[in-house]
Amino acid sequence: MPRKITFENGSLNVPDDPFIPFIEGDGVGPELWRAAGPVLLAAAEKTGRAISFVPAEAGAKAFERTGAYLPPETLVMLESHRVSIKGPLATPVGGGIRSLNVAIRQALDLYACVRPVSFVPGVPSPVKAPEKVDMIVFRENTEDLYAGIEWPSGSPEAESLREFLNARLGTRIAKGAALGVKPMTEAASKRLVRMAVRWALKEGRPSVTLVHKGNIMKYTEGAFRKWGYEVAAEEFGDRTVPEAEAAPAERKVIVKDRIADNMFMQILLRPAEYSVLAMPNLNGDYLSDALAAQTGGLGMAPGANIGDGVAVFEATHGTAPKYEGKDVANPSSLILSGALMLDHLGWRDAGDLVRSALRQAVADGLMTNDLARQIPGAKACGTAAFGKAVLERVRRDG
């Protein structure tokens, strides 16, 4: 009989036969799930476990059935089952929820968007040495501009705030300005960096780099940098060292920081020098996609939203409605996100099995159209065929 994952004393308790909710998603989501789901089930089975996937509703289909894009019972299910996985979700246009992804993150306090980026040999890349890219991004999920605190140009709220700022704080904001607020707190910044440092220590990574724009936004992003160094020193001081104090062949995790615009250049010119990146919300959004572009695009990019005791793994791309039903979408992002989920459960052997099978499928010349069209003479296979190819290799090689 399948059992629920529980969370006690700061740790997940994962049975060998857990219930795991899944949201198949909108657009190409159902096709991706049909390709990815069997791969994850097979990897669990090959390593002596069993997953019982439980459907959960969100997105356009949920709205059609319930009148809500994100039904309350779905959030209850995701929280009570602790670990879940989802496909891409359509965001309502013209009001209501700004983004279903953001709504889920905020409702469940999934404060870290975790995006590993590494190259799969055989995948086309616009850079000369994509194999040097092996990084994991920890992006703060709850604050910064994504808090959604803003008012439109000409609104009474924006004008009232403009008048207050000009009169009381000495600003010179022009009439008619649209205004937004960028909140960043010590607690949220530190817990994000804490997770990144813990991951680096657990995985034996050499460095954690704080990516910020503190040279301009000194009291928000500059504070993120300050708080990041503080949590590393105060909580991991025996195992970390600031870059300025690091000796040659340093055995501790080196804590660095880079200005965000410079970091974009660094990931192109010197990617091998960076391993774990921790950053505020907007920087993380830009940089994680830029890194994905170097290694095959969002179709190859896994992702997760992780909090304390709750995690939702997800395809990192959109719903791609123009490809819906055409059997051409790339299921790799969802498959690799599932592998990341297996790692999170403590089933690293199962996660490695999925990654190895996908890499072998690509090495055998199998890839979907988003990748094959970039390689002269390559022949694309469909969503279902690629999922089947990965599944066969999981069953064969496990």
Side-chain angles (χ1 to χ4, degrees), residues 2 16-25 27-55 83-88 116 118-123 295-304 313-317 320 323-372 378-398:
D16 286 338
D17 54 353
F19 285 112
I20 295 180
F22 76 94
I23 300 170
E24 65 177 12
V28 297
E31 300 165 66
L32 302 181
W33 181 250
R34 287 193 295 270
V39 171
L40 305 181
L41 291 173
E45 182 181 355
K46 272 289 183 180
T47 54
R49 295 108 170 183
I51 295 174
S52 291
F53 283 118
V54 183
V83 175
S84 54
I85 187 168
K86 72 176 188 67
S118 60
F119 180 63
V120 174
V123 168
T295 55
L298 290 179
M300 298 297 297
F313 296 80
E314 64 180 356
T316 59
H317 52 74
Y323 296 121
E324 182 178 357
K326 296 182 179 179
D327 190 40
V328 296
N330 189 346
S332 296
S333 176
L334 191 57
I335 291 172
L336 292 171
S337 296
L340 191 61
M341 180 189 76
L342 297 174
D343 294 344
H344 186 73
L345 296 176
W347 300 356
R348 176 62 67 86
D349 52 347
D352 286 343
L353 180 57
V354 171
R355 284 183 286 269
S356 176
L358 187 142
R359 284 173 172 261
Q360 188 58 58
V362 173
D364 291 340
L366 298 168
M367 59 186 71
T368 47
N369 184 61
D370 59 320
L371 304 177
K379 184 178 179 181
C381 65
T383 307
F386 185 79
K388 183 179 179 182
V390 178
L391 176 61
E392 289 173 348
R393 284 157 180 78
V394 166
R395 289 173 171 168
R396 181 189 70 198
D397 299 334

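These figures come from a predicted structure and were not determined experimentally.
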**Message:** Take a 6.0 Å sphere around CD of Glu45 and say whether it holds more than 12 heavy atoms from other residues, nucleotides or ligands.
**Reply:** no
Here the side chain to side chain donor-acceptor pair (under 3.5 Å) pairs for residues 339-351, sequence neighbours left out, are Arg49-Asp349, Glu203-Arg348, Asp343-Arg348, Asp343-Arg355
For residues 379-390, the side chain to side chain donor-acceptor pair (under 3.5 Å) pairs (sequence neighbours left out) are none
Out of curiosity, [X] [atom1] to [Y] [atom2], how far, rounded to the nearest 0.5 Å?
| X | Y | atom1 | atom2 | result |
| --- | --- | --- | --- | --- |
| Leu298 | Ser332 | CG | OG | 12.0 Å |
| Phe386 | Leu358 | CZ | CG | 4.0 Å |
| Glu314 | Lys86 | CD | NZ | 4.0 Å |
| Leu336 | Met341 | CG | CE | 12.5 Å |
| Asp364 | Leu366 | CG | CG | 6.0 Å |
| Ile20 | Ser52 | CD1 | OG | 9.0 Å |

Residues passing the ring pair (Phe, Tyr, Trp, His ring centres under 6.0 Å) test with Phe53, sequence neighbours excluded, are Trp33
Any [X] side-chain heavy atom under 4.5 Å of [Y] side chain:
| X | Y | value |
| --- | --- | --- |
| Leu334 | Ile85 | yes |
| Glu31 | Lys326 | no |
| Pro121 | Arg359 | yes |
| Thr368 | Pro331 | yes |
| Met367 | Met300 | no |
| Phe313 | Val83 | yes |
| Thr316 | Pro302 | no |
| Ile335 | Val354 | yes |

Legend entry - Residue pair Val120, Thr295: steps toward the side chain to side chain contact (heavy atoms under 4.5 Å, CB included) verdict: CA-CA 7 Å; Val120 174; Thr295 55; over 6 Å; no
Please answer whether the main-chain N or O of Leu353 pairs with a side-chain N or O of Ser356 as donor and acceptor at a distance below 3.5 Å. no
